Amino acid sequence: MSTVYDLSFDELSSRVVALGEPSFRARQVWRQLWERGVPYERMADVPRELRGRLAASIPVGIEVLAVREADRGATRKALLRVGGEHVVETVLMGYRGRVTVCVSSQVGCAMGCGFCATGQMGLRNNLTAGEIVAQVVWARGAAAELPATTPRRLTNVVFMGMGEPLSNERHTFAALERITDPGALGIGDRHITMSTVGVVPGIERLGERFPQVGLAVSLHASTDELRDELVPVNRLWPLAVLEDAVAAWRERTHRRPSIEWAMIDRTNDSEEQAERLVPIALRLHAHVNLIPLNPTPGWPTAPSSKSAIGRFVAVLEDAGVAVTVRDTRGREIEAACGQLYHELEPTVSAG
Ligand code: SAH
Ligand code: SF4
């Protein structure tokens, strides 16, 4: 399945012409879909009868199944059906100076990180480029309804929703092209961040093709022994290999990567893990983000205690590593990816 956002302008044009319409209509429809994100039924400059035919023959492919609000409306988590089939989570977060959408790249994930709600599902489907872009289009519309304390305009995109974007590389990269294309969504590369569990060939190609796009690496452990357990893909690309790939990415892009670290009670929150993280973070000039674990039904483990987090932070800071502990909202959102899906799954068809 796909959405109208999978079509290039030429493809859309020939579909519109095939409906017996002049080609200028295609330009009208494209502008509204991409520049304003309006669905056919609200395209005021398109005749009403044609709107119905467009909807029937070229579905937009974005259905909002549920929206949950938090942080007094500044955070919105949506369950969307994209492309008529695939159900994904998309989260919009409004801050004082920016509005960020967290998009999904797959339904489920094959990487098998046990603490992750999405990993617990296994991989169900890759999303197409248009299905990824459709989430950004939803977010752009939803941004207008955010509280006045935010810019009310979508400014940033992070690939931190369901799925491993670099194991759906072809569609992820095609989505990046569309998100950044000034004739499509026009969001600057520097306002986009790719989060990966450490798919090494994908990191190399991301740096080559999109050197301005930011990189976040979900490390979670600083020894292979522990990382093999928490992040099974470490057996394929162990720490030394991953570190080299991120170092090469940094040399190429001159950008500072982030290291993501879910703080899991008495698992990866020891001072020893922090001490071993220090040389990695320093070598990569990385910013470390600590995310207290968001407990999931399939993983009977708790987030780290405040004191363990405090000790971990102290080790990093004393060594000169830049570190941030995510606030509750960051935790609720970034960490909870896949959870709304689980909650509502019995009522939706996952495709
Ligand atoms: N597959 C990519 C992107 C999606 S996950 C990746 O792993 O990076 C986005 C972030 O949420 C990752 O850093 C991931 O490790 C983290 N995460 C997943 N489940 C979590 C949980 N239960 N608690 C805290 N962080 C979690
Ligand atoms: Fe997949 Fe990322 Fe979850 Fe691991 S943390 S299972 S890579 S979505």
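A quick note: this is a predicted structure, and the numbers were derived from the prediction, not measured. Computation of the quantities below employed the complete heavy-atom set of this structure, encompassing side-chain atoms and omitting hydrogens, waters and symmetry-equivalent molecules. Counting convention: from 1, in listed order, for ligands and their atoms alike.
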* Please determine if Glu260 and Arg326 form a salt bridge, counting it only when a charged side-chain N lies under 4.0 Å from a carboxylate O. => yes
* To do: Could you tell me whether Val217 approaches ligand 1 through its side chain, its backbone, both or neither, with non-hydrogen atoms closer than 4.0 Å?
  => neither
* To do: Only counting residues at least two apart or in another chain, list the ones meeting side chain to side chain contact (heavy atoms under 4.5 Å, CB included) with Thr172.
  => Ser105, Ile132, Phe159, Pro165, Asn168, Met194
* Min N/O separation Gly163 to ligand 1 under 3.5 Å -> yes
* Taking distance alone, with no angle check, do Ser195 and ligand 1 share an N/O pair under 3.5 Å? -> yes
* Out of curiosity, Ile179 CD1 to Ile187 CD1, how far, rounded to the nearest 0.5 Å? -> 6.5 Å
* Asked: Is atom 1 (Fe) of ligand 2 less than 4.0 angstrom from at least one protein heavy atom?
  -> yes
* Mind listing the closest non-hydrogen atom pair of Val136 and Leu185 along with its distance? => CG1-CD1, 3.7 Å
* Sort out for me which residue in Glu272, Arg227, Arg276, Gln273 forms a side chain to side chain donor-acceptor pair (under 3.5 Å) with Ser222. => Gln273
* Check if His220 has a non-hydrogen atom at a distance under 4.0 Å from any atom of ligand 1. => yes
* Structure fact -> Any heavy atom of Glu260 under 4.0 Å from ligand 1? The part involved is side chain
* Under 3.5 Å: N/O of Ala117 near N/O of ligand 1 -> no
* Just do the side-chain hydrogen bond (donor to acceptor under 3.5 Å, both in side chains) check on Glu85 and Asn125 with the steps written out, would you? => CA-CA 10 Å; Glu85 186 181 11; Asn125 283 107; 5.8 Å; no
* Taking Ser57 for the side chain and Arg53 for the main chain, is one N or O donor matched with an acceptor at less than 3.5 Å? -> yes
* Would you mind listing every ring-ring contact (aromatic ring centres under 6.0 Å, His included) that reaches into residues 226-265, with sequence neighbours excluded? => Trp261-Phe312
* To do: Compute the minimum heavy-atom distance from Ser105 to ligand 1 and say whether it is under 4.0 Å.
  => no
* What do you reckon, does Asn294 have a nitrogen or oxygen under 3.5 Å from a nitrogen or oxygen of ligand 1? -> yes
* Less than 4.0 Å between a side-chain N and a carboxylate O, is that true for Glu35 and Arg140? -> no
* Structure fact -> Within 4.0 Å of some non-hydrogen atom of Thr296, the atoms of ligand 1 are 22 (N)
* Which is closest to atom 9 (C) of ligand 1 in terms of heavy atoms, Met160, Met194, Met111, Gln106? -> Met160
* Salt-bridge test for Arg51 and Glu41: reply yes if a basic N is under 4.0 Å from a carboxylate O, no otherwise. => no
* Asked: Of all the atoms in ligand 1, which lie at a distance below 4.0 Å from a heavy atom belonging to Cys116?
  -> 18 (C), 19 (N)
* Asked: Excluding waters, how many protein N/O/S atoms sit closer than 2.8 Å to atom 3 (Fe) of ligand 2?
  -> 1
* To do: Using the test salt bridge (charged side-chain N to carboxylate O under 4.0 Å, His left out), find all partners of Arg266 that sit at least two apart in sequence or belong to another chain.
  => none
* To do: Dump the intermediate steps for ring pair (Phe, Tyr, Trp, His ring centres under 6.0 Å) on Trp34 and Tyr5, then the final yes or no.
  => CA-CA 8 Å; Trp34 286 97; Tyr5 291 99; 4.9 Å; yes
* Would you mind listing which atoms of ligand 1 come within a distance below 4.0 Å of any non-hydrogen atom of Thr196? => 6 (C), 8 (O)
